[in-house]
4 protein chains.
Amino acid sequence: MAEDAQRSGERAKRLPRAVREKQILDAAVAVFAQHGYHSASMDEISETAGVSKPMIYSYLGAKEDLFTHCIRRESGRLLEAVQAGIKVDVPPDMQLWHGLRAFYRFVAEHRESWTVLHRHALTVGGPFAGEVNALRGRAIDLVAQLVVSQGSRKGLGEQAEFSGKGLAAALVGAAESLADWWLDNSDVPDGVLASWLMNLIWLGFNDLVEGDVWRPRES
Amino acid sequence: MAEDAQRSGERAKRLPRAVREKQILDAAVAVFAQHGYHSASMDEISETAGVSKPMIYSYLGAKEDLFTHCIRRESGRLLEAVQAGIKVDVPPDMQLWHGLRAFYRFVAEHRESWTVLHRHALTVGGPFAGEVNALRGRAIDLVAQLVVSQGSRKGLGEQAEFSGKGLAAALVGAAESLADWWLDNSDVPDGVLASWLMNLIWLGFNDLVEGDVWRPRES
Amino acid sequence: MAEDAQRSGERAKRLPRAVREKQILDAAVAVFAQHGYHSASMDEISETAGVSKPMIYSYLGAKEDLFTHCIRRESGRLLEAVQAGIKVDVPPDMQLWHGLRAFYRFVAEHRESWTVLHRHALTVGGPFAGEVNALRGRAIDLVAQLVVSQGSRKGLGEQAEFSGKGLAAALVGAAESLADWWLDNSDVPDGVLASWLMNLIWLGFNDLVEGDVWRPRES
Amino acid sequence: MAEDAQRSGERAKRLPRAVREKQILDAAVAVFAQHGYHSASMDEISETAGVSKPMIYSYLGAKEDLFTHCIRRESGRLLEAVQAGIKVDVPPDMQLWHGLRAFYRFVAEHRESWTVLHRHALTVGGPFAGEVNALRGRAIDLVAQLVVSQGSRKGLGEQAEFSGKGLAAALVGAAESLADWWLDNSDVPDGVLASWLMNLIWLGFNDLVEGDVWRPRES
DNA sequence: CATGAATGAGCTTTCATTCAT
DNA sequence: AATGAATGAAAGCTCATTCAT
């Protein structure tokens, strides 16, 4: 309900379009996150936003368009956050490390965004999955690049055991699932989460149980 | 017309209850898989099942109950399939290997079941996620046990870098995501899929790029 | 409200589909006639029919389909009535005479049908005008045939003053407009109406004012 | 920016009221002609006019009033055009002839006006039909006068076969319908159209097929 | 004068659910 | 046992209309 929105019943103050659009999108993300695309009702969104339904339709279009706008905004934010967190000119493992931390920080601070993107956008038929899968695709490509660059340095070819794309997909999936798991087990700090993944992925169980542990060096 | 018994329009044959229930559940799983919970309509389910709507309500209850029944049946099947695939009295890594292969075989042979369980049940608010998460929980526990048994053998305590539950969650998540990815990239055989995961998880990138590769021994 | 329809609020008696369809169509024609296509509301139609809205949608489809059904039924009735009224094997002028009388009798007895067909169906954009214009086209063709057969007997060619189609269109238009005018001046009997038109069309003002008058002979 | 006066976005030039009203009415007629009264939206009218909606309300009132204004203006124009075309002090048939030509010329040059008046105004319930029927009434009276003057000269009384009003209504209806038909068959010149009607009405089929043809004399 | 911002009210349509046969 | 017939309730969307600047 933003900051109390408008006292219900009264005609809303006149505000510039950009402000209203933000209010609406915020409300929409919240409602979509809570109920999912289908069960979310335009009525609830409009109430939450403190704005009448016609404004929503006039500014952001029908329900589908509104959802698309939400997805675009949130995936943009996520992408920015991760890219801002990654440092270039550091070894691949450190890049991964920083990316993961940024990702988990984002999820922690924007639970609703993540819920909409991961839990809801992917399951609704239609053009929505496409948007999110594009984002996911970028993540996978990024990781795949890291992996392959490592792999090719050592002369690994195209064996069954090694497929950059496949491994990257698995890694990204693991990160996503862990984020999901985190939503219901939020007492773990984000650094630890990233740390688990790094160890799992970089060293594997085998080395791990040997006491061999990956740790971030420098910054 | 009097003694013909089976006439009058298209009145369905009197069938034992168990058979009808199966027809209905099969249809429901198919329709839910295709449209998702909310967009699936009782009408379509009844048509697909070749059974009138009142029968559905009388046998399996309202839409929610019906969905719950679907989830229970399919998660039971998945669990059975995986448990049947696992061999006891083999080393932990081989247990994981067999479990993964059984899992992917199930997904390949029952795409609809998997779709309902993974894509749809988790995103609908309500008691459904609980059902599936229980299943997922059992999988995580199972994996965690393997991991922890390895870990404790080597004296690893509760350090930040090592949490059986967390790692298991990540692994299970990776396996699920890879299954999802597989639905749209089905040209990879299930053995290879399992192989990727094993290498990723057991050895990690680091060993992998050293040319060190995990391979199933014996059966 | 048909014959009191159902006492409002009570669940309607179970009736065979055909009966309900008729009720609905009757109500729809009445409501469309009164308000026109756009202003007619499905709510009013359903109330008038004594049937809930979902039945309308299930039996006759959406508003457009419903309107189409109305038009088809009514134009079919009009066509039948006129065709039943025309006698073959009588001179052309007598055919016209009988056709006109049948037409006006129909309009008198089915004011609503005529209103829907003439006043409303023609002005709504979409496929509706097509349906009615097809009917009108048949009427024009029929008249044109009469006219042309007369004309060609006398050796009239294609002069500017004589175009079967054009004249027939004018005649049909005159008949329609007179019907419309009649709706608001209903004290004239239908025979007289037809008589006016016959005189106007067959003899023209010129002969008329000479005292020359057309009159129906025999049957 | 302060003294620039005409700035800030797209704020329309301050224009005298009469000009604005014309802009609005022109747009309204165009939009009403295209979509009909109900489907025309105030939004589209305001966009077409290049004027904001509040101006429309302030200058010309609500939708109904606006439509009334349209009808008044256009029917006035039509009336003027026809009256200007008629010559006094010529025989009745020539008066009719000139009136018809003027009418068809107007329709040709103002298709939208005619569409609004004939196709739309008549079918909307409410006060609109009244406006147009008043116009039509004047046309009918005018024609009736011609007819009756002819008739009474010859001593025709009030017989069933002869009613000035009825005949005039039929004639006017025929002219209108022919105009409508013309909208979709515009390759016929207006003179020919008028010529058809004159022949039909003045001479009738009977004389026509005898080779007797009405032709305009002098101017 | 002129308008962007705002909404109440209403419409069509659909769906899960139940009754009567 | 089995179903066609029936509906309450709600959702998405649009429109004519007005207020505040």
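Throughout, a chain's letter reflects where its sequence line sits, starting with A, and its residues are numbered from 1.
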Original post:
Mapping A:P16 and C:G61 onto DNA chain E by nearest heavy atom, which one lands closer to the 5' end?
Top reply: A:P16

Original post:
DNA chain E: D:V51 or C:P54, which has the more 5' nearest nucleotide?
Top reply: D:V51

Round to a whole Å and report the spacing from [atom1] of [X] to [atom2] of [N].
X: C:E64; N: E:dC11; atom1: CD; atom2: C1'; answer: 15 Å
X: C:K53; N: F:dA5; atom1: NZ; atom2: P; answer: 21 Å
X: A:Y57; N: E:dC11; atom1: OH; atom2: C1'; answer: 13 Å
X: A:M42; N: E:dA9; atom1: CE; atom2: P; answer: 20 Å
X: D:E44; N: F:dT14; atom1: CD; atom2: P; answer: 14 Å
X: C:D43; N: E:dT14; atom1: CG; atom2: P; answer: 15 Å
X: D:I56; N: E:dC1; atom1: CD1; atom2: P; answer: 15 Å
X: D:M55; N: F:dT21; atom1: CE; atom2: P; answer: 20 Å

Original post:
Counting N and O atoms only, with roles assigned by atom type, does the side chain of D:D65 sit under 3.5 Å from a partner on the main chain of D:A62, one being a donor and the other an acceptor?
Top reply: yes

Subject >> Donor-acceptor under 3.5 Å (B:S46 side chain, B:D43 main chain) >> reply: yes

Subject >> Reference residue D:I45; test side chain to side chain contact (heavy atoms under 4.5 Å, CB included); the match among D:V51, D:L25, D:V31 >> reply: D:V31

Original post:
What is the pairing partner of E:dT14, taking Watson-Crick or G-U wobble pairs with both distances under 3.5 Å in any strand?
Top reply: F:dA9

Subject >> G-U wobble or Watson-Crick pairing nucleotide for F:dT21 (cut-off 3.5 Å, both distances) >> reply: E:dA2

**OP:** Could you please name the option among F:dC13, F:dA16, E:dA16 that lies closest to any side-chain atom of B:S41?
**Re:** E:dA16

Original post:
Out of F:dA6, E:dA16, E:dA5, which has the shortest distance to the side chain of C:R20?
Top reply: F:dA6

**OP:** Report the residue (A:H38 or B:Y59) whose heavy-atom-nearest nucleotide on DNA chain F is the more 5′ of the two.
**Re:** B:Y59

**OP:** Please confirm whether C:K63 makes a cation-pi placement over C:F32, using NZ or CZ under 6.0 Å from the six-membered ring centre and within 45° of the ring normal.
**Re:** no

**OP:** Quick one: sort the A:F67 and A:F128 rings into parallel, tilted or perpendicular, breaks at 30° and 60°.
**Re:** perpendicular

